[in-house]
J.: 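To start, I am sharing the structure in question, which I have written as structure tokens.
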Amino acid sequence: MKLKFGVKEVVATGIGTALFIVLTNAQVPFGIIPNTALQSRVAVLTFFSAVFGPIVGGAIGLIGHALGDAIFYGSIYWSWVFPDALFGILMGVFAAKFAIKDGGFDGKAIALFNVVQVIANALAWILLAPVLDILIYAEPAKKVFTQGILAFIGNIIVAAVLGTLLAFA
């Protein structure tokens, strides 16, 4: 894994962050548990991380989620910002293996892309987000683990469908 951060990566971080913020309210709520929804911005994070690597992915997840929360909701919910950053980093670690930049995003790469996104989403949303909710905000464990599982399910669906389509295109 090569950690290059030049002009292309700076531009990608800016564009990815802007798209992530703009898409903050483009979501379909689950309606079962509060604050969980299918969010199209996940596809942007998945794509940019898979193409430009862990630094860009982590930055988009961190900055994009924090600014999106601040702009649209009035406060930053850090226990959900850090999982998006973690997800971006984990997807980005495998950027070279996905070979999206090289035009090698074929069946094997698509399968790897989706295995990695499921594992990264599990670590971010089933583990990190609920634990941070409990530690930072003293939220009830049952509530936040339920939210985390729903966020995980929603994110793997969006990343599998929209993220894969973006990467393939």
Side-chain angles (χ1 to χ4, degrees), residues 12-13 15-52 56-92 94-95 98 100 105 109-134 137 139-169:
T13 300
I15 292 169
T17 299
L19 289 170
F20 192 94
I21 293 167
V22 168
L23 293 172
T24 292
N25 275 340
Q27 55 185 294
V28 178
F30 284 121
I32 303 167
I33 299 290
N35 303 318
T36 54
L38 292 172
Q39 299 181 325
S40 57
R41 68 186 187 174
V42 170
V44 169
L45 178 58
T46 306
F47 172 74
F48 276 87
S49 301
V51 172
F52 294 101
V56 171
I60 291 170
L62 183 73
I63 300 164
H65 195 131
L67 289 176
D69 277 4
I71 292 167
F72 291 104
Y73 307 122
S75 62
I76 301 169
Y77 212 66
W78 291 106
S79 59
W80 284 50
V81 170
F82 292 123
D84 263 338
L86 175 64
F87 175 79
I89 291 166
L90 294 174
M91 284 300 294
F94 291 87
F98 302 140
I100 296 168
F105 195 62
I110 291 169
L112 177 64
F113 176 88
N114 281 291
V115 167
V116 171
Q117 69 93 353
V118 168
I119 293 168
N121 269 309
L123 291 171
W125 300 106
I126 296 176
L127 180 64
L128 185 59
V131 168
L132 290 177
D133 269 339
I134 293 165
Y137 302 110
E139 292 280 352
K142 184 177 179 179
K143 173 191 165 199
V144 295
F145 279 101
T146 302
Q147 283 179 319
I149 289 167
L150 283 174
F152 162 74
I153 292 167
N155 286 353
I156 63 169
I157 292 168
V158 172
V161 175
L162 296 179
T164 301
L165 287 173
L166 280 173
F168 189 73

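Predicted model only: the values in this text are computed from it and were never measured.
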J.: At what distance, to the nearest 0.5 angstrom, does CG of L165 lie from CZ of F47?
T.: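 Interatomic distance, L165 CG to F47 CZ, rounded to 0.5 Å: 11.5 Å.
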J.: What distance do I21 atom CD1 and I60 atom CD1 have between them, rounded to the nearest 0.5 Å?
T.: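 I21 atom CD1 to I60 atom CD1 measures 10.5 Å (nearest 0.5 Å).
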J.: Rounded to the nearest 0.5 Å, how far does CD1 of I89 lie from CG of L62?
T.: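 Atom-to-atom, L62:CG and I89:CD1 are 8.5 Å apart.
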J.: Please lay out, stage by stage, how I119 and L90 fare under the test side chain to side chain contact (heavy atoms under 4.5 Å, CB included).
T.: CA-CA 9 Å; I119 293 168; L90 294 174; over 6 Å; no
J.: Atom CG of N121 and atom CG of L127: how far apart are they, to the nearest 0.5 Å?
T.: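 One gets 12.5 Å once the value is rounded to the nearest 0.5 Å.
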J.: Give a yes or no on whether the backbone of M91 and the side-chain of S49 come within a donor-acceptor separation of less than 3.5 Å.
T.: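 No; judged by distance alone, with no hydrogens or angles, the pair does not exist.
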J.: Using a 4.5 Å cut-off on heavy atoms from C-beta on, say whether the side chain of F87 contacts that of N155.
T.: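 Not in contact.
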J.: Going from CD1 on I63 to CG on D84, what distance comes out if it is rounded to the nearest 0.5 angstrom?
T.: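 Atom-to-atom, I63:CD1 and D84:CG are 12.5 Å apart.
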J.: Quick one: CG on L128 to CG on L123, what's the gap to the nearest 0.5 Å?
T.: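 The CG atom of L123 is 9.0 Å from CG of L128, to the nearest 0.5 Å.
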J.: Check whether any side-chain heavy atom of F20 sits under 4.5 Å from a side-chain heavy atom of F48, and report yes or no.
T.: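 F20 vs F48: side chains apart.
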J.: Shortest non-hydrogen contact from T24 to G68?
T.: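 Nearest heavy atoms, T24 then G68: OG1-CA, 3.7 Å.
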J.: Are I76 and V81 packed together at the side-chain level, in the sense that at least one heavy-atom pair is separated by less than 4.5 angstrom?
T.: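 Of all side-chain heavy-atom pairs linking V81 with I76, at least one is under 4.5 Å.
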J.: Using side chain to side chain contact (heavy atoms under 4.5 Å, CB included), reason through T13 and F52 one step at a time and then give a plain yes or no.
T.: CA-CA 9 Å; T13 300; F52 294 101; over 6 Å; no
J.: Heavy atoms only: give me the nearest A43-G163 pair and the separation to one decimal.
T.: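 Closest approach of A43 to G163: CB-N, 3.7 Å.
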J.: Under 4.5 Å between any side-chain heavy atoms of F152 and V118, yes or no?
T.: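 F152 vs V118: side chains touch.
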J.: Does any donor atom in the side chain of D69 or W78 lie under 3.5 Å from an acceptor atom in the other side chain?
T.: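 No, no side-chain donor-acceptor contact under 3.5 Å.
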J.: Determine yes or no for a side-chain-to-main-chain donor-acceptor pair under 3.5 angstrom, with Q117 supplying the side chain and I156 the backbone.
T.: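 Side chain of Q117 to backbone of I156: a pair is present.
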J.: Heavy-atom distance under 4.5 Å between the side chains of F145 and I134, does that happen here?
T.: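 Yes; the side chains approach each other to less than 4.5 Å.
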J.: Take L112 and F105, measure what side chain to side chain contact (heavy atoms under 4.5 Å, CB included) needs, and give me the verdict at the end.
T.: CA-CA 10 Å; L112 177 64; F105 195 62; over 6 Å; no
J.: Under the side chain to side chain contact (heavy atoms under 4.5 Å, CB included) criterion, do V144 and Y137 qualify, and how do the steps go?
T.: CA-CA 10 Å; V144 295; Y137 302 110; over 6 Å; no
J.: Indicate the atoms forming the closest heavy-atom contact of L45 with G88, along with that distance.
T.: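 Shortest heavy-atom contact: CD1-CA, 4.1 Å.
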J.: Which heavy atom in L132 sits nearest to a heavy atom in P83, and how many Å separate them?
T.: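 L132 and P83 have their closest heavy atoms at CD1-CD, 4.4 Å.
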J.: Considering only heavy atoms from C-beta outward, does the side chain of L23 approach that of Q39 to under 4.5 Å?
T.: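 No; the side chains remain at least 4.5 Å from each other.
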J.: Taking all heavy atoms of I100 and all of A50, pick out the closest pair and write down the distance.
T.: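 Scanning both residues completely, I find the closest heavy atoms to be CD1-CB, 3.7 Å.
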J.: Is there a side-chain contact between D133 and Q147 in this structure, where contact means two heavy atoms from C-beta onward sitting under 4.5 Å apart?
T.: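 Touching, per the 4.5 Å side-chain cut-off.
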J.: Considering all heavy atoms of both residues, which atom of A26 and which atom of S40 are nearest to each other, and what is their separation?
T.: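 Scanning both residues completely, I find the closest heavy atoms to be O-OG, 3.2 Å.
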